[in-house]
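Data block below; observations after.
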Amino acid sequence: MARAYDVTQVEKKWQQRWADEGTYEVDADDPRPPSYVLTMYPYPSGPAHMGHVRNYTFGDLLVRHRTMLGQAVLSPFGFDSFGLPAENAAIKTGTHPRIFTDARIDELKESITSLGAVYDWRREIRSHDPEYIKWNQVIFQKLLASGLAYRANAPVNWCPGCQTVLANEQVLADGTCERSGDIVIKRDLEQWFFRITKYADELLAGLDDLDWPERVKTMQRNWIGRSEGAEYDLVVEGRDGSDGREPLALRVFTTRPDTSYGMTYAVVAPEHPMVDELTTPEHRSDVDDLRKRAAASTDVERMSESGAASLAKRGAFTGSSVVNPFTGGAVPVYVADYVLMGYGTGAIMAVPAEDTRDWDFAQAYGLPVVRTVQPPEGWDDEGGPGGAYTGTGEKINSEWLDGLDIPTAKARAIEWLESEGIGERTVNYRLRDWLVSRQRFWGCPIPVVYCADHGIVPVPSDQLPVLAPDDVEFLPTGESPLATSAEFLNTTCPECGGTATRETDTMDTFVDSSWYFLRFTDPWTADLPFDPEIAGHWMPVDQYIGGIEHAILHLLYARFYTKALADLGLVPAGLREPFARLFTQGMIRMDGKKMSKSKGNLVAPSSYLTTVGADALRLFHLFVGPPADDVDWTDQTDSVIDGCGRYLDRVWRLAVPGDETVAVPRTGELTGEDVAIRRATHRLVDRVTRDYERWSYNTAVAACMEFVNLLQPYVRADPNGEVADEAVDSLLLLLAPMTPHLAAEAWERRHGDHIHLHSWPVADPELAAEESVTMIVQVNGKVRDRIEVSPTLSEQEAEGLALASPAVVDALAGRAPKRVIVRPPKLVNIVV
RNA sequence: GCCCGGGUGACGGAAUGGCAGACGUGGUGGACUCAAAAUCCACUGUCCGAAAGGGCGUGCGGGUUCGAAUCCCGCCCCGGGCACCA
C-alpha cells in the first residue's frame, strides 16, 4: 500500500527519540501525581504475536494518555523468563536454556519497541536474572520462617508430559495439564507448599472492593469455594465406649445440617483413614477392590463414570453402621469414590432426599429416602420431576425442626450440635494450599539444604542466590536435572558443617510472577527485594492489563503474595491488594480458535510493521471493537488495517504544511462555517476524552474519523487559518496516545516541539455548545417531522412548533391530540 | 447441571428509554487519468413505488411505557467459565 509519508523512517525516528530522551522514565521523587500502569509481563517466546500487539497497544495508550494528563506514570517491562519451553528446547537441541531464553527476549524486546510501546527500560526484570533469583529466594525463606512455606507429603498432581508436579490450579477441569494437555495422575510425594489457605477469607472478602471484571471476581470466588456448615460425630455402632473399647466416631461435614433427620446412610472416601477399622471381615474384599480401583483411576475416568447407572460399581458396604445423633437410629456406612478425601472430613452423612448424588447412589444400592423438606406439589407424583429436592420449603419429618424454613432449621441444628458437644459450626474451602515444587531445571532453586541432624536448613543469606550449575543433564527423568550435578547436590550443613544435600526442586514460575510488580517499583535497592516505602509510593498498580487466562492462577497467587509480604513487613502493612483495577482484553481468534503458536494459526505482526506500520496496526486494534471483546481475524481484516492506514494518510495530508491539497488560509471575521468547525473541534475533544475514560477506543477512533471527514473539505476550500490550526492540533493531540509516531512527526513539523510532552486538550463548553438541535416530532410514536430548534427551547414553544408542523397536521388528519409528551429540545410525541 | 457474557445490514461494530445501523470494511456508480494505481464525490437494511413517499425491521413469544435494540417475564441459539466440593 502506497503511503503519504515514509512510515518506517518516521516510526524508527521516534522510537529512537523516546528511548534516547528517556521520555517515559520516572522516579519516585517525581512531583507529578504517581500512576502505575502495568501490562502482565510476558513469557519470552520470540517475536511478539498479535495478542501481544493488542495487549501492549492498550497499555501504551494509557501510559501516554496519563502522561499527557500530567501524571508521573510508572511503565515498566520485564520477562517471565523461567519456564518449560526453554528447558524443552534444551532437551531437544542441547542449547542452554539461558542462551535460548536471552535470544527470545531480544526478539520480543525488539518487536515490542517497534510497536512504539514505551517503557522505563531501566527497570527491566528477567526472572532468571541472579539478582531476581536471590530476592525470590530471600522471600521464600521469609515465608518458611513464618510458617507460610512448608514441606508435606501429600497426594499431588503429576503430569507425565511435563515430568513434574502441578498445582491444583494448573490442572484443568477435565483432569488434564493446562500446559501439555496430558492426563494428570496422582502421586504421593513430599513437596513444598505455600499456605495460601490461611488467607482464604481475606482473598474472598478483598474481591468486593476491587475494580475488576465481575466474571474474574466470580471465578476467584468459585475457586476459593467457601461453604458454611457443620461438622459432627457419628458414633460407630457398638463403639460408644460402653464395652471398654476405645470409643470410635466418624466425623462428617455438611452444609445442610437441617437435613440430618433424612440421613439414611453415611459414606467415607476410599482414602479415609477409618476405612480399615470400619470394614468387617465379610466385606473386606469388596472394599479392597473398590479402593484399588479408586487409587488406579484418574480424575478423568472417575468423572466419565458419573451418573446413576455406573454408581453401582463405585461403592461398597463396609459392614458397619453409625448412629444418627438426631434420631438415635443406626445407618449403614459405605465407601464410595464420589466422596473426596481432600474436602471437608472425607466423610458425609448421606441424605438422598435432598442431595442429587446421594439420591443416585441410594437408587443404585436400594437405600431408603426420607424427605425433610416439603417439595412442591406433584414432585413425587407419577410424571413429576421426582428425585432429590434441593429447593426451599418447610421442614418435615424432622421432629423439633418441623415447620421451620431451611436457614432457621440450619441454625437450630447447629446450636443443638454445639450444645450437645457433638459437633460445631465450620467453614470449608475448596482452595488448597499452593504446591510450589517443580522437578525441573529452568526455574528458581528452592534455597534449602537437608541435613541428617538438622533437617531442613535454609541456605544462609550471604550464600544467596543459590544458582543452578551448568553441568547438568537435560533429560526429563521425573527428578530435577539439578540432582544430576554432584557438585550442586552435595554441600555442607550451615548449622553443623556436616554433609548435607541441597534441595533439587525449583519453584513454580508463578512464584516469580507473584511479586515482580513490586520489584519494578524499586529494582535498585541492594539489601532488600525493594524499598517498602518506594513500593508503597507506587502501589497498588492503578491499572493492570492482561489476558483472561490468568483470572485464577496468577491473579490469585499475586494477591496472596502481596498479603503475605505485607504481613512480613516487606511492603507497607496497609497494602493488601496489588491491582486496584484490572482489565482483561479479548483474545484474537482465527477460524473460531484462539490464535496461538500451538494451534499453528499465527499471523505475524512484523509483516504489517514493514508495510502499513505500527500506527496503523495499533489503530486497527483500537478500532476493531470494544477492547474486552474477542477479535476475529478474517479475510477482511487486512482491508480494515489498510483502511486504518488510509485514515492516517488523510490526517498526514491535513496536518503537514506544504501539501498542495490544503488551501491558503484566510484570516479575519469568522464565517458560519468557521464557527461550525470550531464547535465540532471542541465537541470532538469532549467526546474523545470521555471515550478514553470509559475505555471506548473504538468509538473514539470513529469520532476522529468522522471529524476528518468534516475537516478535509473545509481545509481544501476556504479555511480560516486559526480555526483550521486549532482543529488539526486538537486532532493530533487526541491521536497522540493511539498513533504516537504519526502524531509526533506531524506535530514536530507544525510546531517544532514534542507532542507527548503537551497536556491533554480541554474542550470549551461554550464553544462546544450547539446553536440548534434537531427536534423529533412524533405522532403515536412515529417520526413525522424534524424541526431545527434552539437547545434552550421551552416546553410551550416545543409543543407549539410541533403542532404547527404541516407534516403533523397531515398525520393528525383532524384528530384531536389526546396527550402530548414534550421533552425539549429533543422530542415531542403527540398521542391521539 | 450451575454461573457469567452475547445474539443489530454482506462483515466488524454504533446507539443503555427518545431519528436504529455512527465509523470502518466490502459493494455499486461517478470525477480525475491515454490507462491503471492513488485520491476525491455519491449511493448502499428490507419490501412497495417511476418518484415523492410509505410499510416492515435489532434471535423468538409476551409485558411495562406516550415511546423499547435498551427495562421486566418466558423460551431458543452461540461463546466462555465452573462442576462428584457434601
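Each chain gets a letter, A, B and so on, in the order its sequence line appears, and its residues count up from 1.
Between A:R650 and B:C40, a side-chain N or O to OP1/OP2 separation shorter than 4.0 Å is present. An OP1 or OP2 oxygen of B:G81 is reached within less than 4.0 angstrom by no side-chain nitrogen or oxygen of A:R215. Phosphate contact (OP1/OP2 of B:U25, side-chain N/O of A:R646, threshold under 4.0 Å): present. Between A:T634 and the phosphate of B:C11, there is no side-chain N or O to OP1/OP2 separation shorter than 4.0 Å. Contact between the side-chain N/O atoms of A:N709 and the OP1/OP2 oxygens of B:G24 is found at a separation under 4.0 Å.
With both ends at atom C1', the span from B:G61 to B:C77 equals 15 Å, rounded to whole Å. Separation of the P atoms belonging to B:U70 and B:U64 is 15 Å when rounded to the nearest angstrom. Remark: the separation of the C1' atoms in B:U8 and B:U46 is 14 Å, to the nearest Å. B:A15 and B:C19: their C1' atoms are spaced 11 Å apart (whole Å). Separating the P atom of B:G7 from that of B:C41 is a span of 33 Å, rounded to the nearest Å. Nucleotides B:C71 and B:G17 have their C1' atoms positioned 8 Å apart, rounded to a whole Å. Across B:G59 and B:A68, the matching P atoms stand 15 Å from one another, rounded to whole Å. Comparing the P positions of B:A42 and B:U25 gives an interatomic distance of 14 Å, to the nearest angstrom.
Using the Watson-Crick or G-U wobble rule with both distances under 3.5 Å, B:G67 pairs with nothing in any strand shown. Of all nucleotides present, only B:C78 satisfies the Watson-Crick or G-U wobble test against B:G5, with each distance under 3.5 Å. Nucleotide B:A50: unpaired (no Watson-Crick or G-U wobble partner with both distances less than 3.5 Å). Across all strands shown, B:C56 pairs with B:G45; the Watson-Crick or G-U wobble distances both stay below 3.5 Å. Both distances falling under 3.5 Å, in either a Watson-Crick or a G-U wobble arrangement, place B:U39 opposite B:A31. Searching all strands for a Watson-Crick or G-U wobble partner of B:C19 with both distances below 3.5 Å returns nothing.
A:R784 comes within 4.0 angstrom of sugar-phosphate atoms only, judged by non-hydrogen atoms across all strands, and of no base. When heavy atoms are screened at a 4.0 angstrom cut-off, A:K782 is found touching the sugar-phosphate backbone but no base atom.
Summarising the geometry, the separation between OH on A:Y334 and C1' on B:A86 is reported as 18 Å, rounded to the nearest angstrom. Summarising the geometry, the separation between CZ on A:R716 and P on B:C40 is reported as 6 Å, rounded to the nearest angstrom. At whole-Å resolution of the value, CG in A:N222 and P in B:G81 are 13 Å apart. Taking atom CD on A:E214 and atom C1' on B:G6, their separation rounds to 17 Å, with Å as the unit. Protein atom CG of A:D785 is 12 Å distant from nucleotide atom P of B:G53, rounded to whole Å. Distance A:R653 CZ to B:A38 P: 12 Å, rounded to the nearest Å. In this structure, CE of A:M219 is placed 15 Å from C1' of B:C2, rounded to the nearest angstrom. Regarding A:Q712, its CD atom lies at a distance of 10 Å from the P atom of B:U39, rounded to whole Å.
A side-chain donor-acceptor contact under 3.5 Å links A:Y265 to the backbone of A:D358. Remark: side-chain polar atoms of A:D630 are paired, donor with acceptor, to backbone N or O of A:M587 under 3.5 angstrom.
For the atom pair A:T426 OG1 and A:R251 CZ, the distance stands at 7.5 Å (nearest 0.5 Å).
Note on A:D686 versus A:R690: salt bridge recorded, some NZ/NE/NH1/NH2 to OD/OE distance being below 4.0 Å. One finds a salt bridge joining A:R221 and A:D208 here, because a Lys/Arg side-chain nitrogen approaches an Asp/Glu carboxylate oxygen to under 4.0 Å.
Annotation: A:Y334 is in aromatic contact with A:F361 [ring centroid separation under 6.0 Å]. Here A:Y697 and A:W695 bring their ring centres to under 6.0 angstrom of each other.
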Test side chain to side chain donor-acceptor pair (under 3.5 Å) applied to A:Q636 and A:S639, step by step: CA-CA 5 Å; A:Q636 235 193 129; A:S639 301; over 6 Å; no

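Across the interface with RNA chain B, nearest-nucleotide mapping of A:P713 and A:M705 shows A:M705 to be the residue nearer the 5′ end.
Within 6.0 Å of the CZ atom in A:R215, the count of heavy atoms belonging to other residues, nucleotides or ligands does not exceed 12. The number of heavy atoms from other shown groups lying within 6.0 Å of CZ (A:R430) is above 12.
Regarding the sugar-base torsion, B:G9 falls in the syn class, its angle being within 90° of 0.
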Under 4.0 Å protein heavy-atom contacts per nucleotide of nucleotides 13-22 of chain B, with B for base, S for backbone only and - for none: SSS--BB--B

